[in-house]
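The next block holds one structure in the form of structure tokens; read it before the comments.
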Number of protein chains: 2
Amino acid sequence: MTTTQELAEGLDDLPYNVFAKACPSRGTLEHVMGRWGGLTLGALYEGSLRFNELRRRVDGVSEKMLSQTLHALERDGLVHREAQPTNPPRVDYELTPLGRQVAERLLTLIHFVEGSMDEVLAARERYDSARA
Amino acid sequence: MTTTQELAEGLDDLPYNVFAKACPSRGTLEHVMGRWGGLTLGALYEGSLRFNELRRRVDGVSEKMLSQTLHALERDGLVHREAQPTNPPRVDYELTPLGRQVAERLLTLIHFVEGSMDEVLAARERYDSARA
DNA sequence: CAGCATCCCCGGGGATACTG
DNA sequence: CAGTATCCCCGGGGATGCTG
């Protein structure tokens with residue numbers, strides 16, 4: 001079990017600190033935790049996917065945003081793009097080893113939130129009815 | 001009637017599936033992983049903080065956005081707000097037990113990203129110079 | 001101190017059309 | 001299929017001012 005102490009110390013002692021406005025880690029974290037970035041990494045955890053497969057899997061994402069998201073993640077070294085020069089074209093996206101480690105931690109969070117939704121929904125009802 | 005969406009959810013064996021556009025878990029995940037939500041939960045992991053302490057800790061957040069973020073997290077049952085009727089007023093924010101579990105997983109991700117920044121920055125340089 | 005209210009701007013992001 | 005290009009709108013979010 002990770003202690004409070006260890007988690008807190010890590011934040012202060014690392015060369016990169018996401019709580020600092022100008023830290024480059026904040027940009028990457030926004031790619032990873034952004035509206036579509038997180039879901040994209042999560043979807044790719046199960047295996048490589050083609051563009052439109054990915055698009056169907058990440059329900060609601062537009063072509064433009066998926067393209068943009070993939071570029072950012074590829075640039076950060078989290079996703080690898082493999083294009084086959086066939087006709088029709090076939091492009092596969094897969095996680096890099098680093099992306100895989102990020103996605104793993106991301107999915108831990110995602111699954112926990114999914115599993116907590118009943119509690120969250122109950123909290124909302126309490127909150128709303130308390131000030132109705 | 002059985003929709004494609006319901007079948008997809010069935011595959012995960014979870015009542016909530018964040019990959020489905022209409023799933024309520026997506027909203028909560030956006031609160032948790034949003035630009036300011038994640039940092040706010042992370043900051044509160046170390047202990048309860050007052051409004052302006054929090055604001056200084058989450059470098060760059062505006063008053064309005066912090067207020068908005070805290071309301072959303074409080075409504076979702078992740079943050080508890082404790083107001084003292086003193087003068088001047090004192091309000092403490094702290095994680096609920098649920099919020100604490102979320103924050104723990106969040107910090108694992110944040111910490112990992114911070115620790116990967118050298119690798120990320122290197123990947124960016126490779127990416128950029130490859131198409132300069 | 002802890003905020004809500006208001007104004008306002010810019011860019012996130014959707015819709016559509018087009019290309020290789 | 002796998003995108004890019006363009007248009008355009010709405011709301012995220014900053015700045016400022018005010019209150020208890």
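Letters go in sequence order (proteins before strands), and every chain restarts at 1.
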Could you state the [atom1]-[atom2] distance from [X] to [N], rounded to the nearest angstrom?
X	N	atom1	atom2	answer
A:Leu66	C:dG12	CG	C1'	16 Å
A:Met65	C:dA15	CE	C1'	14 Å
B:Leu49	C:dG3	CG	P	13 Å
A:Glu63	C:dG14	CD	P	12 Å
A:Gln84	D:dG3	CD	C1'	16 Å
A:Gln68	C:dA15	CD	P	15 Å
A:Glu30	C:dG12	CD	P	11 Å
A:Glu53	D:dA2	CD	P	7 Å

Does a side-chain N or O from [X] land closer than 4.0 Å to OP1 or OP2 of [N], or not?
X	N	answer
B:Arg35	C:dG12	no
A:Tyr93	D:dC1	no
B:Ser67	C:dC4	yes
B:Arg90	C:dG3	no
B:His71	C:dG3	no

Which comes earlier along DNA chain C counting from the 5' end, the contact point of A:Gly60 or that of A:Pro89, where each point is its nearest nucleotide? A:Gly60

Using the closest heavy atom to pick a nucleotide of DNA chain C for each, name whichever of B:Pro88 or A:Pro88 lands nearer the 5' end. B:Pro88

Between [options], which nucleotide gets closest to the side-chain atoms of [X]?
X	options	value
B:Asn52	C:dC1, C:dG3, D:dG3	C:dC1
A:Val91	C:dG14, D:dG3, D:dG14	D:dG3
A:Arg50	D:dC7, D:dG14, D:dC1	D:dC1
B:Lys64	C:dA2, C:dC7, C:dG14	C:dC7

What's B:Arg81 touching, base or sugar-phosphate or nothing? Going by heavy atoms closer than 4.0 Å. sugar-phosphate

Got a salt bridge between [X] and [Y], using NZ or NE/NH1/NH2 to carboxylate O under 4.0 Å?
X	Y	value
A:Glu46	A:Arg57	yes
A:Arg90	A:Asp92	yes
A:Asp128	B:Arg75	yes

When rounded to the nearest 0.5 angstrom, what is the spacing between OG1 in A:Thr28 and CD1 in B:Ile110? 12.5 Å

Is it true that the side chains of A:Tyr16 and B:Asp118 contain a donor and an acceptor less than 3.5 Å apart? yes

